[in-house]
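A short write-up of the structure that comes next.
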Number of protein chains: 2
Amino acid sequence: MENQKRSAGRPAKPILNRQLIAQRALDLVTASGLDSLTMTQLAKKLGVAASALYNHVDNKADIVLLIQDALVSQVSLQGMQRLIAQQATLEEALHDWALSYRAVFAEYPSLIPTIAVTAVSESPKTLHMYNTVAQALASAGIPDAQVIKVIVAFESFLFGSALDVDAPSTIFDTDDVTEDSAWLDRVVKASRTKSAPAIDGTDADARNQYADPPFQFGLTALISQTMSLVEA
Amino acid sequence: MENQKRSAGRPAKPILNRQLIAQRALDLVTASGLDSLTMTQLAKKLGVAASALYNHVDNKADIVLLIQDALVSQVSLQGMQRLIAQQATLEEALHDWALSYRAVFAEYPSLIPTIAVTAVSESPKTLHMYNTVAQALASAGIPDAQVIKVIVAFESFLFGSALDVDAPSTIFDTDDVTEDSAWLDRVVKASRTKSAPAIDGTDADARNQYADPPFQFGLTALISQTMSLVEA
DNA sequence: ACCTGAACACCGTTCAAGT
DNA sequence: ACCTGAACACCGTTCAAGT
């Protein structure tokens, strides 16, 4: 970015701060995934030496946490807030949250494995989201002791679904039909004729066009199972 | 492993082969995840120079595929085969498959992101598994055009659930109760009193003890939704 | 306090040289 | 064909030196 070389030594005004680092890091991950986020590349984008980053963050994992926190804050809590205010149903709230959650993280599949194992205490925005969802579910009549179970079940499905969006749409294609692929071929073809457009290799969007029906199917399953938990 | 140094040049008998490489690679991943699988470490375990590996595999991704294939073959297809033979119900078959699938991959969470986006044609055992499941579901009366949808929905949930097993059991613990964590704290505590043993730090198994109820919950949801698809 | 630049211990992969 | 060892272009992170 900045090309005029800076001499060593403390600059008059700090060049970096955590927010700026997080912003540029997110840019890199947005462009081409977590693998393209390297301290070297990030430093280059910021116009500093890689070692300068360590004045502001502990390590690379610290940066990933910053990114995560920024992303979680993009998840819509509107439905849940409306549920708390008794302006939406449990079903509506779950649907809104799930769609938004999946949409956000489907853009960043490479972050999902990290997110899945990150403790909420490490990410304030994540904590806030869970807290809101917990309040909403509890106030909708789900017994306290079952709320976490529901949240985790949804999340597992949402993580997996977000990974799935990143899969190639040719994931079930087989090279040639053998005994080991005959049935798979048959059901894959049957799925296609339902809705999908013809496959022209020019499809600009490489994302998995077959990801949506399974998502809707699973989401419906989870929502109706959740509604059965509501106490009178 | 082997300590007597070998001089350069082609050995009388080949030292490596793909199967041996896959076996040792799986050992490394089993011990401490995909990150600990490096060409250097793997070569050391095999008693060769890292560059020797490239006589047998294309690259590291190729090795990961070999591992994947070996793992998929551990997933139980018994239930599905019994369903095909009309010796098990759809519900039993789905339950058996899902439990086994999750159990296998919960041991290897670091592989899940890769598995989720790997095309079946790249992994013969994976192809075989999907083909069997597809045949079983179709023969149980699920319309051809819906089979893939069901499989992908299950898989999304299974991938996410397997990631969840790897999460620390303290994932929902908060450092101190603030306004942003009050509800979460409450429902987490309510979950604990139900079943969990007191937390003594000496717990040998660091895996997430809270992962099972959500898994059962989601699985039940998916199974009953699936059964509703069966044609008369 | 906050930067640069050299250094360290790694990576994955390529390739000439050896048998 | 199948190995070794040097080499290349990277990593993340540390640290002395500069202001």
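Here is the naming used below: chain letters follow the sequence lines, and residue numbers restart at 1 for every chain. What's counted below: heavy atoms across the whole structure, side chains too, no hydrogens, waters or symmetry copies.
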Original post:
For A:Ile15 and C:dC3, what is the distance between atoms CD1 and C1' respectively, to the nearest whole Å?
Top reply: 6 Å

**OP:** Find the distance B:Leu42:CG to C:dC10:P and express it as a whole number of Å.
**Re:** 17 Å

Original post:
Sequence neighbours excluded, which residues qualify as ring pair (Phe, Tyr, Trp, His ring centres under 6.0 Å) partners of B:Phe172?
Top reply: A:Tyr130

Subject >> Annotated protein contacts, base or backbone, on nucleotides 14-19 of chain D with a non-hydrogen cut-off under 4.0 Å, one of B, S, - each >> reply: BB--BB

Original post:
Okay, side chain of B:Arg6, backbone of B:Gly47: is any donor-acceptor separation there less than 3.5 Å?
Top reply: yes

**OP:** Give a yes or no on whether the backbone of A:Asp96 and the side-chain of A:Ser100 come within a donor-acceptor separation of less than 3.5 Å.
**Re:** no

**OP:** Measure from CG on A:Asp35 to P on D:dA9 and round the result to the nearest Å.
**Re:** 21 Å

Subject >> Secondary structure string for DNA chain D (Watson-Crick or G-U under 3.5 angstrom, | for other-strand pairs) >> reply: ||.|||||...|||||.||

Original post:
Between A:Lys13 (NZ) and C:dA1 (P), how many Å, whole number?
Top reply: 18 Å

**OP:** Quick one: label B:Leu37 by what it contacts on the DNA or RNA (base, sugar-phosphate, nothing), any heavy atom closer than 4.0 Å.
**Re:** sugar-phosphate

Subject >> Qualifying residues under ring pair (Phe, Tyr, Trp, His ring centres under 6.0 Å), relative to A:Phe215, sequence neighbours excluded >> reply: A:Phe157

Just list the side-chain donor-acceptor pairs under 3.5 Å for residues 48-59 of chain A, sequence neighbours left out, or say none.
unit_1	atom_1	unit_2	atom_2	d
A:Asn55	ND2	A:Ala52	O	3.4
A:Asn59	OD1	A:Ala61	N	3.2
A:Asn59	OD1	A:Asp62	N	3.0

**OP:** Look only at the side chain of B:Ser110 and the backbone of B:Gly33, and say whether a donor-acceptor pair between them is shorter than 3.5 Å.
**Re:** no

**OP:** Would you please confirm or rule out a distance under 4.0 Å between OP1 or OP2 of D:dC10 and any side-chain N or O of A:Gln41?
**Re:** no

Original post:
What nucleotide, of D:dC2, D:dG12, C:dC3, holds the atom closest to the side chain of A:Leu16?
Top reply: C:dC3

Subject >> For atom CG of A:Asn55 and atom P of C:dT4, their distance in whole Å >> reply: 9 Å

Original post:
If you check every side-chain atom of B:Val48, which of D:dT4, C:dG12, D:dC11 has the closest atom?
Top reply: D:dT4

**OP:** Please check if atom CD in B:Gln216 has more than 12 non-hydrogen atoms from other residues, nucleotides or ligands closer than 6.0 Å.
**Re:** yes

Subject >> Below 4.0 Å: OP1/OP2 of C:dA1 and any side-chain N or O of A:His56 >> reply: no

**OP:** Using the test ring pair (Phe, Tyr, Trp, His ring centres under 6.0 Å), find all partners of B:Phe105 that sit at least two apart in sequence or belong to another chain.
**Re:** B:Tyr101

Original post:
Where each residue is assigned the nucleotide of DNA chain D containing its nearest heavy atom, which of A:Asn59 and B:Ala49 is assigned the position nearer the 5′ end?
Top reply: B:Ala49

**OP:** Only one of A:Leu222, A:Leu137, A:Leu219 passes side-chain contact (heavy atoms from CB on, under 4.5 Å) with A:Leu94; say which it is.
**Re:** A:Leu137

**OP:** Take atom CE of A:Met39 and atom P of D:dG12, then tell me their distance rounded to the nearest Å.
**Re:** 7 Å

